[in-house]
Amino acid sequence: MFTGMEQSLIPAGKLWLVGAGPGDPDLLTLRAARLLGSADLVVHDGLVGEGVLALIPPHIERISVAKQRSRHMMRQDLINALLVRETRAGKQVVRLKGGDPFIFGRGGEELDAARDAGIAVEVVPGITAAAGCAAQAGLPLTHREDASAVSFVAGQCKDLTDQDWSGLAGHGRTLVIYMGLATAPAIADKLIADGVSPGLPVAVVERGTAADARVLRTLLADLGDLVAREKVQSPALIIVGKVAARADALDCLGAPGVAAQIRDFT
Ligand code: SAH
């Protein structure tokens, strides 16, 4: 006879959608660090830094759902199903994602799946790449003199041409492009075609907050060439706007006077 006791014998599982920050383990929240030490299972992305993964004690089960550029990634519905199944089995499941779970991290989809399944779920914010990479580069995303609005855009979107990008960059605004390496030349062309000045400063931050991070600075018209010339690797962030000229960075146009040109930009 079913008594209802069977269900209560399974300890209550819980899913935690946790932001791992931009890479440097020192930039984890205290809550994230605590959860990494007490979880039963950690399900993580490829973007989570080695230093962060090293904080997971060896006895804690770990599953990588890393997404390769080849696009042979674990499908999102399979990840959702895995998270629900393991949580229902009574585990404390940490879903560890680069940056913040809700900024281009599909955390919203995982939250929906958890709610639909009726499992306990909590979100732990992380420092998103834009904030972490910019701060590390000495680049204020807003500044009373230069920018009072910031936009985060996914550069891999296929429909670049469908939108008017002129409202995203230019006077008084900062544009931060995630996942924009492959489309950098098209993005620069599109912004310029939509009326943004080709002389607007740009900073490209590669592996932001890592010990070997690179910060490259140029002007919008040179963005595509810079990415190719410097063989910029993923993960990288593209920051477009007057504040980019404030970055503690290499100036990469290679021509004399470029730094002065960037600083004099108005
Ligand atoms: N949820 C993440 C973003 C995931 S999308 C967050 O909040 O940061 C992945 C993109 O984030 C990369 O293609 C890159 O554009 C950016 N990114 C993440 N970490 C980065 C890092 N350490 N340095 C530069 N860019 C980074």
Side-chain angles (χ1 to χ4, degrees), residues 16-29 31-32 43-54 64-71 73-74 76 79 94-111 123-139 141 150-158 160 168 174-188 202-217 223-224 226-227 230-241 244 247-250 252:
W16 306 79
L17 304 178
V18 179
D24 182 341
D26 279 2
L27 295 176
L28 275 176
T29 62
R31 187 174 299 171
V43 179
H44 68 87
D45 286 341
L47 203 59
V48 175
E50 281 303 316
V52 173
L53 295 177
S64 168
V65 291
K67 296 165 184 172
Q68 304 299 327
R69 287 207 61 210
S70 64
R71 309 254 177 256
M73 56 175 84
M74 188 188 267
Q76 190 60 49
I79 297 174
V94 167
R95 173 71 175 108
L96 191 62
K97 309 169 84 73
D100 181 86
F102 282 1
I103 304 285
F104 304 127
R106 300 195 183 182
E109 294 168 46
E110 293 171 3
L111 181 66
V123 183
V124 180
I127 296 180
T128 191
C133 295
Q136 185 224 26
L139 184 167
L141 290 177
V150 190
S151 303
F152 295 169
V153 169
Q156 61 167 20
C157 61
K158 296 182 191 71
L160 271 179
L168 296 173
T174 304
L175 171 61
V176 184
I177 303 160
Y178 287 67
M179 300 173 280
L181 271 190
T183 50
I187 288 171
V202 173
V204 177
V205 187
E206 180 189 59
R207 290 186 300 280
T209 78
D212 58 351
R214 280 202 300 169
V215 183
L216 310 170
R217 242 172 33 168
L223 173 61
L226 171 82
V227 166
E230 294 292 328
K231 298 184 172 55
V232 179
Q233 301 293 314
S234 187
L237 208 63
I238 300 167
I239 303 174
V240 183
D248 301 326
L250 308 166
C252 284

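Numbering of ligands and ligand atoms starts at 1, following listing order. Quick note: residue numbers are just sequence positions, from 1. Just so it is clear, the model here is predicted, and its values are computed rather than measured.
Taking every heavy atom of Cys133 and a limit of under 4.0 angstrom, the matching atoms of ligand 1 come to 21 (C), 23 (N), 24 (C). For ligand 1, the atoms lying closer than 4.0 Å to a non-hydrogen atom of Leu47 are 4 (C), 9 (C), 18 (C). Taking every heavy atom of Leu237 and a limit of under 4.0 angstrom, the matching atoms of ligand 1 come to 15 (O), 16 (C), 24 (C), 25 (N). Close approach of ligand 1 to Ile103 is summarised as follows: ligand atoms under 4.0 Å from at least one heavy atom of the residue are 1 (N), 2 (C), 3 (C), 6 (C), 7 (O). Atoms of ligand 1 lying under 4.0 Å from any heavy atom of Thr128, numbered from 1 in the order shown and given with element: 6 (C), 7 (O), 8 (O).
With rounding to the nearest 0.5 angstrom, the CD1 atom of Ile238 is 11.5 Å from the CE atom of Met179. Atom CG of Leu226 and atom CZ of Arg217 lie 12.0 Å apart (nearest 0.5 Å). In this structure, Leu168 CG and Ile177 CD1 are separated by 8.5 Å, a value rounded to the nearest 0.5 Å. The NE2 atom of His44 sits 9.5 Å away from the CZ atom of Arg95 when rounded to the nearest 0.5 Å. Atom CZ of Arg207 and atom CG of Asp212 lie 4.0 Å apart (nearest 0.5 Å). Note that CG of Leu47 and CZ of Phe104 are 13.0 Å apart. Values are rounded to the nearest 0.5 Å.
No side-chain heavy atom of Glu206 sits less than 4.5 Å from a side-chain heavy atom of Glu230. For the pair Val215 and Asp248, the minimum side-chain heavy-atom distance is 4.5 Å or more.
Protein heavy atom nearest atom 2 (C) of ligand 1, with residue, atom name and distance: Gly98 O, 3.1 Å. When only non-hydrogen protein atoms are considered, atom 4 (C) of ligand 1 lies nearest to Phe104 O, 3.3 Å. Ranking the protein heavy atoms by distance from atom 11 (O) of ligand 1 puts Tyr178 CD2, 3.3 Å first. Closest protein heavy atom to atom 22 (N) of ligand 1: Pro22 O, 2.8 Å. With respect to atom 20 (C) of ligand 1, the closest heavy atom belonging to the protein is Pro235 CB, 3.7 Å. Met179 CG, 3.2 Å is the protein heavy atom nearest to atom 13 (O) of ligand 1.
By the 4.0 Å heavy-atom criterion, Ala236 is counted among the residues contacting ligand 1.
Remark: among candidates Gly132, Ala20, Ala129, the nearest residue to atom 8 (O) of ligand 1 is Ala129, based on non-hydrogen atoms.
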Side-chain donor/acceptor pairs under 3.5 Å, residues 123-136, sequence neighbours excluded:
{"from": "Thr128", "atom 1": "OG1", "to": "Tyr178", "atom 2": "OH", "distance (Å)": "2.6"}
{"from": "Gln136", "atom 1": "OE1", "to": "Thr209", "atom 2": "N", "distance (Å)": "3.3"}

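Heavy atoms of Arg207 found under 4.0 angstrom from ligand 1 belong exclusively to the backbone. By the criterion of a heavy-atom distance under 4.0 Å, the backbone of Val205, and not its side chain, is placed next to ligand 1.
The only member of Ile103, Val240, Ile239 that meets side chain to side chain contact (heavy atoms under 4.5 Å, CB included) when paired with Val176 is Ile239.
Distances between N or O atoms of Asp100 and those of ligand 1 include at least one value under 3.5 Å. Ligand 1 has an N or O atom lying under 3.5 Å from an N or O atom of Gly208, backbone or side chain.
Checked by atom type and distance alone, the side chain of Thr183 pairs as donor or acceptor with a backbone atom of Gly155 at under 3.5 Å.
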